[in-house]
Amino acid sequence: MRQWKVFFSQHMRWSSAFTQALTLSIITFCVVLPLCCHRLLYSYFFRFTYLNSMSDEVLQKSLERGQEALHFWQSGSPMESTRFSDVAQNPELLVTVVTTRRNEGRDFHYLLQVMRQLSRIAADCGGRRCAEVLLCDVESGPEENQDAKLLEGHFKVIRRSSQEQQANRESPNTFEREKRDYVFCLRQGWELVKPKNMILLEDDALPGEDFFTVVKDLLSRRFALHTLYIKLYHPERLQRYWNPEPYRILEWVGLGLVGATALLLSIPYCNPFSLSFTLSANHLVFFTLYFMVAAELIGRHYLLEVRRISPQLYAVSPATECCTPAMLFPGNASLRVADFLDGSFCYKGNAKDMVLYRKARTTPGERAHSVEPNLVTHIGAYSSVRPNPSRPKLL
């Protein structure tokens with residue numbers, strides 16, 4: 001009993017660093033962060049009672065954008081700068097948008113949203129277009145893709161022949177059909193335009209305002225000369241530090257060390273609460289872990305958003321497995337990717353994103369990269385190829 005009294009008298013006084021560390025941790029992780037982060041979707045503190053209302057709000061906004069885009073293209077009077085039907089040869093950058101008809105969620109008009117955004121942000125880069133734009137309609141069913149049909153007067157649309165469509169309908173599974181569609185659009189874009197670089201967007205990948213600015217910066221970096229592809233999107237829910245990607249662990253520890261060092265160096269000059277921490281090994285370790293835990297619980301996704309301040313701050317790292325809504329292929333890499341995919345058979349568990357990831361890791365001389373934060377927003381709550389829930393959720 002006396003030992004406990006001695007312990008408390010020595011360590012539980014406010015002047016004790018142990019007491020200060022314990023108090024700071026309780027206030028931070030049990031009070032401040034839960035109050036500040038309970039509505040952040042990708043935070044550990046997110047309250048799922050908000051999920052339905054937030055999902056409905058996002059769906060409603062997407063529906064409104066889709067209807068606005070429909071009216072925009074139906075009006076028949078977009079600005080001349082939005083007409084991309086005349087595609088120049090050998091452009092610096094070609095953006096090919098892969099699309100197919102959706103059985104569900106057609107009122108959202110994802111394709112029309114994406115093409116409206118593209119036409120606006122690509123129309124003027126210092127007096128010229130940022131990129132040429134192609135629309136690749138891979139619909140092989142008996143019904144037409146009405147949204148792609150609507151855009152024919154504004155963009156060059158490429159499609160398979162009737163015989164090719166029939167052959168594609170006979171694909172043994174959805175994943176193999178998706179792969180064949182992807183290869184078709186890659187090859188057609190290259191053969192028609194011979195671009196210096198190519199981006200392949202899926203029709204529910206909405207580009208951000210800084211899309212072409214960041215892409216231009218990426219292509220100017222040395223690594224782009226030696227990469228098979230650069231992923232421009234990775235699902236936000238998979239961007240956490242607690243992840244098998246080794247580079248994220250290094251980033252996580254580095255963030256903790258920088259935060260801890262900055263705080264401990266500032267305490268002698270700004271210390272309104274009479275903290276007794278010093279730049280000692282024990283205190284450095286504590287605050288390193290403190291900042292690491294705080295960063296993970298808040299959500300790495302939100303910390304990455306700070307990098308949008310400048311294109312030069314976007315982080316490039318080794319590519320992750322999932323997914324392919326937006327992919328940049330520098331130089332003639334699109335041809336190599338098409339060859340790799342042609343030589344592989346896709347099925348559940350071996351979709352095209354997994355095939356490319358494995359090829360980049362196992363083929364000598366090939367590398368693949370990802371950029372963070374994302375350059376596109378995935379707006380496709382309703383899939384064109386997979387079963388959909390009656391009420392889509394954000395998570």
Side-chain angles (χ1 to χ4, degrees), residues 1-48 234-310 312-318 320 369-374 395:
M1 192 69 177
R2 174 175 292 182
Q3 292 177 341
W4 281 107
K5 288 181 179 180
V6 172
F7 174 84
F8 279 105
S9 64
Q10 291 179 346
H11 297 283
M12 298 309 290
R13 294 173 298 176
W14 177 247
S15 59
S16 165
F18 176 83
T19 302
Q20 294 174 4
L22 180 62
T23 303
L24 180 63
S25 299
I26 292 173
I27 292 174
T28 301
F29 300 119
C30 299
V31 180
V32 176
L33 291 185
L35 286 175
C36 295
C37 303
H38 66 284
R39 292 185 70 91
L40 297 181
L41 186 64
Y42 303 109
S43 169
Y44 285 84
F45 294 109
F46 176 68
R47 295 183 183 175
F48 280 82
H234 191 60
E236 291 83 356
R237 70 182 187 279
L238 302 179
Q239 290 180 338
R240 290 173 170 166
Y241 288 112
W242 193 254
N243 189 283
E245 304 298 335
Y247 75 90
R248 293 192 193 170
I249 303 299
L250 294 175
E251 176 190 328
W252 194 18
V253 174
L255 175 66
L257 281 171
V258 170
T261 303
L263 178 62
L264 292 174
L265 287 175
S266 67
I267 284 177
Y269 305 98
C270 181
N271 193 4
F273 299 104
S274 302
L275 300 176
S276 55
F277 298 113
T278 61
L279 193 58
S280 64
N282 288 340
H283 295 169
L284 183 64
V285 170
F286 166 74
F287 277 108
T288 297
L289 294 174
Y290 172 84
F291 280 109
M292 288 175 63
V293 173
E296 175 68 1
L297 294 178
I298 292 169
R300 180 171 176 267
H301 164 73
Y302 301 105
L303 302 180
L304 287 173
E305 292 299 300
V306 178
R307 293 181 177 270
R308 296 191 188 277
I309 295 173
S310 169
Q312 288 74 34
L313 293 179
Y314 278 70
V316 176
S317 54
T320 48
H369 297 85
S370 295
V371 63
E372 292 177 316
N374 291 330
L395 293 175

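Scope of the values below: all heavy atoms of this structure, side chains included, with no hydrogens, waters or symmetry mates.
- By the side-chain contact (heavy atoms from CB on, under 4.5 Å) test, I309 is found to be paired with V306, L313, residues two or more places apart in sequence or in another chain being considered.
- For the pair S276 and Q20, the minimum side-chain heavy-atom distance is below 4.5 Å.
- If you check the side chains of Y42 and Q239, you find no donor sitting under 3.5 Å from an acceptor.
- Between T288 and V253, the closest heavy-atom pair is CG2-O, 4.3 Å.
- Here S317 contributes atom OG and E372 contributes atom CD; the two are 5.0 Å apart, rounded to the nearest 0.5 Å.
- For S310, the side-chain hydrogen bond (donor to acceptor under 3.5 Å, both in side chains) partners are Q312, not counting sequence neighbours.
- Put simply, CG on N374 and CG on L304 are 8.5 Å apart, with the number rounded to the nearest 0.5 Å.
- Using a 4.5 Å heavy-atom threshold, the side chains of R248 and R300 count as touching.
- The aromatic rings of W252 and Y241 sit parallel to each other, their planes meeting at less than 30°, with 60° as the upper class boundary.
- The ring-ring contact (aromatic ring centres under 6.0 Å, His included) test applied to F45 returns no partner, not counting sequence neighbours.
- At a threshold of 4.5 Å between non-hydrogen side-chain atoms, the residues R240 and E296 count as touching.
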So L255 and M292, side-chain contact (heavy atoms from CB on, under 4.5 Å) or not? Walk me through it. CA-CA 7 Å; L255 175 66; M292 288 175 63; over 6 Å; no
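- Residues passing the side-chain contact (heavy atoms from CB on, under 4.5 Å) test with L24, sequence neighbours excluded: T28, F287, Y290.
- In this model, a donor atom of one side chain and an acceptor atom of the other lie less than 3.5 Å apart for T320 and H234.
- Counting all heavy atoms, side chain and backbone alike, L40 lies closest to F46 at O-CB, 3.1 Å.
- Inter-residue side-chain proximity for P268 and F277 is flagged as unmet; no heavy-atom pair is nearer than 4.5 Å.
- In this structure, L41 CG and R47 CZ are separated by 15.0 Å, a value rounded to the nearest 0.5 Å.
- Partners of Y269 by ring-ring contact (aromatic ring centres under 6.0 Å, His included), not counting sequence neighbours: none found.
- With a 4.5 Å cut-off on side-chain heavy atoms, F291 and L263 count as touching.
- Here the side chain of S43 pairs a donor or acceptor atom with the backbone of L297 at under 3.5 angstrom.
- Residues that satisfy the side-chain contact (heavy atoms from CB on, under 4.5 Å) test with Y314, not counting sequence neighbours, are D210, V214, R221, R308, V371, P373, L375.
- Between the side chain of H38 and the main chain of L35, a donor-acceptor pair closer than 3.5 Å is present.
- Between Y302 and I298, the closest heavy-atom pair is CD1-O, 3.5 Å.
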